[in-house]
Asker: 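Structure below; questions to follow.
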Amino acid sequence: MSLPERYAFIAEWYDQNAAIMRSYQLLYYASDNTVEMYDIKNRRIFLKRSKVENLCFEDLFIGGTINVHSRQLNLVEYADEFTKKQLSSKKEKTLAMIKPDAVAKFGAIIDMIYRGGFLIVNAKMTKLSRKDAEEFYQEHVQRPFFDNLVRFMASGPSIAMELMSNSAVTEWRRLLGPTDSSMARSEAPNSVRAKFGTDQTRNACHGSDAVATGQRETSFFFAAPGRWKNTAKFSESSCCVIKPSAVLEGNAGQIMMAIKEAGFEVSALQMFHLEKANAEEFFEVYKGVVAEFTEMVQELCSGPCFALEITGKGPNTANDFREFVGPADPEIARTLRPNTLRAKFGLNKIKNAIHCTDLPEDCQLEVEYFFRILAE
Ligand code: ATP
Ligand code: MG
């Protein structure tokens, strides 16, 4: 059977000129990668069926954002039963959390997540208070290990992440391995807990135990963003953005590992889906200076990116990090500076894997742009 599959969503777009949210029915045709849109309020065709560059089936899920002809649309609901039935099990979500004992290994864990076939759709480094940890693990309040568990969870930063894949809940728990890290080492030696866990309580990561729990737990972290302070220091730091094309290639974990191996610390981390206006604002200083400004903006808002606050080398952090990132053009980097991040992970001058702050005096501004302005 070769019926063209048509998926229907409700999409929202914030119209800045009119300062209102507009709603559309968005139809996606998988056979030829085309999109058609209806304006719901005005009951008319908004976009005739047409091809959309850079859009793929993987981008279509509730809570996701897509770019259609330079408009950033948020997919807020399924618009028919077929779409709902087809996609809700395929695009299941779960909460993964890197616990305080394993945050130092976050790059390797994120790499395992991408290699395991998951998409990361949300991520944030934050520090749970005792009260947050008690609330998160409320189901275990009567257990003898509760006090220990809560103290451990509040002992340092964690990284909460929303993962998506086929049967994400079960698959992530499979990748995690048994709760007890030593049992994980004997029974599932390639699991996350076997590799990075210490004991029964300090077991590297958390995973939701059912779809409904996953919904509750992802809302806990991502539906109330104001509740969760990020961990940025805003001093002696530099701003690093792992660009959407590098994230899409599945290289984010590898890049994070390389940053740590080079002796830097990552003191804050968050995933962002930038809108065009934000990307333009962030790259403002390059406007009229760099010929590829438009393409740079386009790349930065073409999908999710990771923003990192880089620390660890005191007053030399900004300069050292910039050296480590390397020349803007990966081809030049591969010839002249083969050990730099862009030499290893960049594709071309636009898709060069990493943005880092150019001038030391701009570092605080850039870190603040992500971790104060956009995060709040
Ligand atoms: P998580 O919920 O963190 O993904 P899990 O579902 O494998 O892990 P739970 O039974 O929900 O395990 O326990 C929650 C957490 O409490 C465990 O991850 C671990 O940190 C801690 N814990 C569980 N059982 C014990 C135990 N017997 N002794 C000490 N700590 C434990
Ligand atoms: Mg559990």
Side-chain angles (χ1 to χ4, degrees), residues 89 92-224 227-228 231 253 269 271:
S89 70
E92 192 174 285
K93 291 180 185 173
T94 190
L95 183 84
M97 186 165 38
I98 304 180
K99 298 184 182 185
D101 61 323
V103 162
K105 309 279 167 51
F106 75 98
I109 294 172
I110 287 178
D111 194 46
M112 279 181 86
I113 290 173
Y114 281 117
R115 277 162 206 276
F118 299 92
L119 269 182
I120 300 176
V121 296
N122 250 317
K124 184 172 192 175
M125 185 187 281
T126 189
K127 190 169 178 294
L128 274 66
S129 67
R130 248 197 99 89
K131 234 173 119 249
D132 298 327
E134 282 170 5
E135 189 181 335
F136 186 76
Y137 276 123
Q138 57 188 273
E139 67 198 271
H140 295 310
V141 67
Q142 305 290 1
R143 308 284 286 275
F145 56 79
F146 184 71
D147 195 55
N148 239 335
L149 174 62
V150 164
R151 203 168 333 120
F152 161 57
M153 292 304 292
S155 67
S158 300
I159 300 175
M161 289 174 288
E162 190 172 0
L163 307 188
M164 192 177 78
S165 76
N166 259 339
S167 311
V169 169
T170 321
E171 289 305 316
W172 172 237
R173 283 181 78 84
R174 195 201 310 278
L175 190 59
L176 272 180
T179 307
D180 183 343
S181 307
S182 33
M183 194 186 281
R185 280 186 271 277
S186 57
E187 289 177 6
N190 293 321
S191 65
V192 172
R193 284 166 170 166
K195 288 185 179 163
F196 304 108
T198 311
D199 53 32
Q200 280 188 301
T201 302
R202 289 173 296 156
N203 58 1
C205 287
H206 162 82
S208 309
D209 56 15
V211 174
T213 321
Q215 278 164 357
R216 195 186 69 227
E217 292 178 348
T218 51
S219 307
F220 184 72
F221 284 103
F222 299 111
R227 173 173 176 180
W228 303 102
T231 47
L269 173 153
M271 176 173 264

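Just so it is clear, the model here is predicted, and its values are computed rather than measured. All ligand and atom numbering here is 1-based and tracks the order in the structure.
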Asker: Considering distance alone, does some N or O of Phe145 sit under 3.5 Å from an N or O of ligand 1?
Answerer: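 Between Phe145 and ligand 1, no N or O pair is found under 3.5 Å apart.
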Asker: Using non-hydrogen atoms of the residue, decide whether Phe152 is closer than 4.0 angstrom to ligand 1.
Answerer: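 Phe152 does not count as a contact of ligand 1 under the 4.0 Å cut-off.
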Asker: When you look for heavy atoms under 4.0 Å from ligand 1, do you find them on the side chain of Glu217, its backbone, both, or neither?
Answerer: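 It is neither; nothing of Glu217 touches ligand 1.
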Asker: Taking only heavy atoms of Asn203 into account, list the atoms of ligand 1 that are under 4.0 Å away from them.
Answerer: 17 (C), 18 (O), 19 (C), 20 (O)
Asker: Tell me, which protein residue and heavy-atom name are nearest atom 3 (O) of ligand 1, and how many Å apart are they?
Answerer: Tyr137 OH, 2.7 Å
Asker: Any carboxylate oxygen within less than 4.0 angstrom of a Lys/Arg side-chain nitrogen, looking at Lys131 and Glu134?
Answerer: no
Asker: Nearest 0.5 Å please: distance from the NZ atom of Lys105 over to the CG atom of Asp111.
Answerer: 14.5 Å
Asker: Any chance you could measure Ile159, atom CD1, to Thr126, atom OG1, to the nearest 0.5 Å?
Answerer: 10.5 Å
Asker: Touching ligand 1 at all, Asp209? Heavy atoms, strictly under 4.0 Å?
Answerer: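 For ligand 1, residue contact (heavy atoms, under 4.0 Å) with Asp209 is absent.
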Asker: Does Arg130 form a side chain to side chain contact (heavy atoms under 4.5 Å, CB included) with Asp147? I'd like the steps, not just the answer.
Answerer: CA-CA 10 Å; Arg130 248 197 99 89; Asp147 195 55; 2.9 Å; yes
Asker: Starting from atom 19 (C) of ligand 1, find the nearest protein heavy-atom neighbour and note its residue, name and distance.
Answerer: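 Looking only at protein heavy atoms, the one closest to atom 19 (C) of ligand 1 is Gln200 O, 3.2 Å.
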Asker: May I ask you to identify the nearest protein heavy atom to atom 20 (O) of ligand 1, giving residue, atom name and distance to one decimal place in Å?
Answerer: Thr201 O, 2.7 Å
Asker: Can you pull out the closest protein heavy atom to atom 7 (O) of ligand 1? Residue, atom name and distance to 0.1 Å, please.
Answerer: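 Its nearest protein heavy-atom neighbour is Thr179 OG1, 2.5 Å.
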Asker: Tell me which protein heavy atom sits closest to atom 2 (O) of ligand 1, plus the residue, atom name and distance to 0.1 Å.
Answerer: His206 ND1, 3.0 Å
Asker: With a 6.0 Å cut-off on the ring centroids, do Tyr137 and Phe146 count as close?
Answerer: no
Asker: Nearest protein heavy-atom contact for atom 14 (C) of ligand 1: which residue, which atom, what distance?
Answerer: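 Of every protein heavy atom, His140 NE2, 3.4 Å lies nearest to atom 14 (C) of ligand 1.
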Asker: Using atom types as modelled and distance alone, determine if a side-chain donor or acceptor of Glu171 lies under 3.5 Å from a backbone N or O of Ala168.
Answerer: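 Between the backbone of Ala168 and the side chain of Glu171 there is no qualifying donor-acceptor contact (under 3.5 Å).
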Asker: Could you give me the CA-CA distance, side-chain angles and deciding distance for Met161 and Phe106, then say whether side chain to side chain contact (heavy atoms under 4.5 Å, CB included) is met?
Answerer: CA-CA 11 Å; Met161 289 174 288; Phe106 75 98; over 6 Å; no
Asker: Check contact between Met153 and ligand 1, using heavy atoms of the residue and a distance below 4.0 angstrom.
Answerer: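 Checking ligand 1 against Met153, which is what was asked, there is no heavy-atom contact under 4.0 Å.
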Asker: Apply the test side chain to side chain contact (heavy atoms under 4.5 Å, CB included) to residues Glu217 and His206: give CA-CA distance (whole Å), side-chain angles for both, the deciding distance (0.1 Å), then the verdict.
Answerer: CA-CA 11 Å; Glu217 292 178 348; His206 162 82; 2.9 Å; yes
Asker: How far is atom 8 (O) of ligand 1 from the closest protein heavy atom, and which atom is that?
Answerer: Arg193 NH2, 3.2 Å
Asker: Walk me through it: do Phe221 and Leu128 pass the test side chain to side chain contact (heavy atoms under 4.5 Å, CB included)?
Answerer: CA-CA 10 Å; Phe221 284 103; Leu128 274 66; 4.1 Å; yes
Asker: Less than 3.5 Å between some nitrogen or oxygen of Arg202 and one of ligand 1, yes or no?
Answerer: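 No, no N or O pair falls under 3.5 Å.
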Asker: Answer yes or no for Arg173: is there a heavy-atom contact with ligand 1 below 4.0 Å?
Answerer: yes
Asker: Under 4.0 Å from ligand 1, counting heavy atoms only, is it the side chain of Lys99, its backbone, both or neither?
Answerer: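 It is the side chain that gets close, since no backbone atom is under 4.0 Å.
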Asker: Find the distance between CG (Asp101) and CD1 (Ile98) and round it off to the nearest 0.5 Å.
Answerer: 10.0 Å
